[in-house]
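Below you'll find the structure, written out as structure tokens, and then a few comments.
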Amino acid sequence: MSRTSLAIALAALTAASPFNVHAAGRGAMTPATLAKACEGKDEWADPAPPARIFANTWYVGTCGISAILVTGDKGHVLVDAGVTKAAPLVLANIRRAGFNPKDVRWIVASHEHFDHVGALAALQQATGAKVAALPAQKAALASGKPSADDPQFAGLDPMAPVRVDRVLKDGDTLAVGNLLLTAHATPVHAPGSTSWTWTSCAPKLGCRRIAYADSSSTISSDGYRFTDHPQRIAAIRKGLPVMAALPCDILLTPHPGQSEMMERFAGNTPLADNDACRAYAKAAEGRLAQRLAKENAK
């Protein structure tokens, strides 16, 4: 993305939001309200209202792409940013939920594709937040270019480069006051794929372990064969068991449809399920096996 494009995106952050950021009290911001607003809408930049998922864990993304705000007394952490056009929507949702975007201390990401980090540079500049990432993800964020060994490389758009303030290792924690988020290397979907876990607690409701598991799909650009890249297959087979073992009472994913988040938000199925991450990884293992069998058949 050019400097001009980034400037346009930043200017849009102050533009009017499709939602009145002062219109509703926090009591109206339920997952069911979000699910209803997004019914029949799953485009990446389809506006969505914010919603309290559980305790201090909030949904502030669009209908088609998740952005999660974890709030605390000493500041907040934003997980994922969305496409470039989503920057003003995410910022407005943080405000509408009753929080000051300037109190976002850190922004982290699931993986380094434009649909999840396209807005990251604009949001970093608007909030003043720092960015943390694992090494493989850091390289793509800092350059604004996807990794050449990404199976989807040929079909990925470039991004505005991002200043990465901290390089993480697998298992490192990110602390903001009493908030503690743990990074898990899960290189299934992309080389820098990262899953995030934390615990949210609410009076009378107890605590829930939240797992923001990265995308588990093994898709690629046309012409790419996983069987020609054994190191990629090895990374996937290393990452899937990590996903399965995440501390996981409530599963959230970068694309809501990957884990039927909106259906769970609507109350059609339970929001909390401590087997959700295992089932999520197991389904991905099956899809990988089918992909490899198809390639071998050819």
Side-chain angles (χ1 to χ4, degrees), residues 1 5-6 9 38 42-48 58-70 77-91 93-94 104 106-124 126-127 129 131-134 136-147 150-153 155-164 168 174 181 183-197 210-221 239 243 251-259 261-262 280 284:
M1 179 188 295
S5 297
L6 178 56
C38 288
D42 62 359
E43 295 298 322
W44 292 348
D46 279 344
W58 291 78
Y59 191 97
V60 293
T62 63
C63 288
I65 297 286
S66 300
I68 306 298
L69 185 71
V70 190
V77 179
L78 179 65
V79 186
D80 270 348
V83 294
T84 302
K85 289 171 60 177
L89 306 176
V90 171
L91 195 69
N93 275 345
I94 293 172
V104 176
W106 289 92
I107 306 176
V108 297
S110 55
H111 61 271
E112 60 276 19
H113 290 172
F114 70 95
D115 48 334
H116 303 285
V117 295
L120 183 49
L123 288 176
Q124 182 184 41
T127 62
V131 170
L134 293 175
Q137 190 180 101
K138 186 256 185 186
L141 294 180
S143 68
K145 300 175 182 178
S147 172
D150 191 312
Q152 298 181 63
F153 173 76
L156 295 172
D157 292 345
M159 308 159 288
V162 173
R163 184 191 74 250
V164 177
L168 301 168
L174 195 65
L181 283 75
H184 306 265
T186 51
V188 175
H189 187 70
S193 287
T194 310
S195 296
W196 293 90
T197 59
I210 313 294
Y212 189 74
D214 189 33
S215 300
S216 62
S217 61
T218 45
I219 58 177
S220 69
S221 302
M243 280 186 176
L251 169 63
L252 305 175
T253 49
H255 292 271
Q258 291 172 324
S259 60
M261 280 170 56
M262 292 301 174
Y280 182 67

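It should be emphasised that the depicted structure is a prediction, and the values quoted were computed from it without experimental measurement.
- Across all non-hydrogen atoms, the minimal contact from P146 to A140 is CA-CB, 4.4 Å.
- When all heavy atoms of V117 and H111 are compared, the pair lying nearest together is CG1-O, 3.6 Å.
- Judged by distance alone, the side chains of E112 and S147 never bring a donor and an acceptor atom under 3.5 Å apart.
- Considering all non-hydrogen atoms of both residues, A81 and A119 come closest at O-CB, 3.6 Å.
- Between W196 and V70 the shortest side-chain heavy-atom distance does not fall below 4.5 Å.
- Using a distance-only test at 3.5 Å, with no hydrogens or angles considered, a donor-acceptor pair links the side chain of S143 to the main chain of K145.
- Contact annotation: the side chain of H255 approaches that of D115 to within less than 4.5 Å [non-hydrogen atoms, C-beta and beyond].
- With contacts defined as side-chain heavy-atom distances shorter than 4.5 Å, the pair Y59/I68 qualifies.
- Atom NE2 of H116 sits about 4.5 Å away from atom OG of S215, to the nearest 0.5 Å.
- Of all heavy-atom pairs between P151 and I219, the closest is CB-O, 3.7 Å.
- Residues satisfying the ring pair (Phe, Tyr, Trp, His ring centres under 6.0 Å) test with F114, not counting sequence neighbours, are W44.
- Looking at D214 and H189, their side chains never bring a donor and an acceptor atom within 3.5 Å of each other.
- Rounding to the nearest 0.5 angstrom, the gap separating the CG atom in L156 from the OG atom in S221 is 6.0 Å.
- Residues meeting the side chain to side chain donor-acceptor pair (under 3.5 Å) test with T127, sequence neighbours left out: none.
- Of all non-hydrogen atoms in L141 and A133, the two that sit nearest each other are CD1-CB, 4.0 Å.
- Between T194 and Q137, some side-chain heavy-atom pair lies under the 4.5 Å cut-off.
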Under the side-chain contact (heavy atoms from CB on, under 4.5 Å) rule, what do L120 and M159 come out as? Steps first, then yes or no, please.
-> CA-CA 9 Å; L120 183 49; M159 308 159 288; over 6 Å; no
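- Side-chain contact, D80 with S66: no donor N or O sits under 3.5 Å from an acceptor N or O.
- Residue L168 holds its CG atom at 12.0 Å from NZ of K138, rounded to the nearest 0.5 Å.
- A distance of 6.5 Å separates OH in Y280 from OG in S259, rounded to the nearest 0.5 Å.
- H184 pairs by the ring pair (Phe, Tyr, Trp, His ring centres under 6.0 Å) definition with nothing, not counting sequence neighbours.
- In this structure, the separation between SG on C38 and CE on M261 is 10.0 Å, given to the nearest 0.5 Å.
- Annotation: side chain of V90 is in contact with side chain of L123 (closest heavy-atom distance under 4.5 Å).
- The shortest side-chain heavy-atom distance between F153 and S220 does not fall under the 4.5 Å cut-off.
- Side-chain contact check for V79 versus L181: some heavy-atom pair is nearer than 4.5 Å.
- Scanning all heavy atoms of the two residues, the minimum distance from G82 to I65 falls at CA-CG2, 3.9 Å.
- Expressed to the nearest 0.5 Å, how far OG1 of T197 lies from CG of L252 amounts to 11.5 Å.
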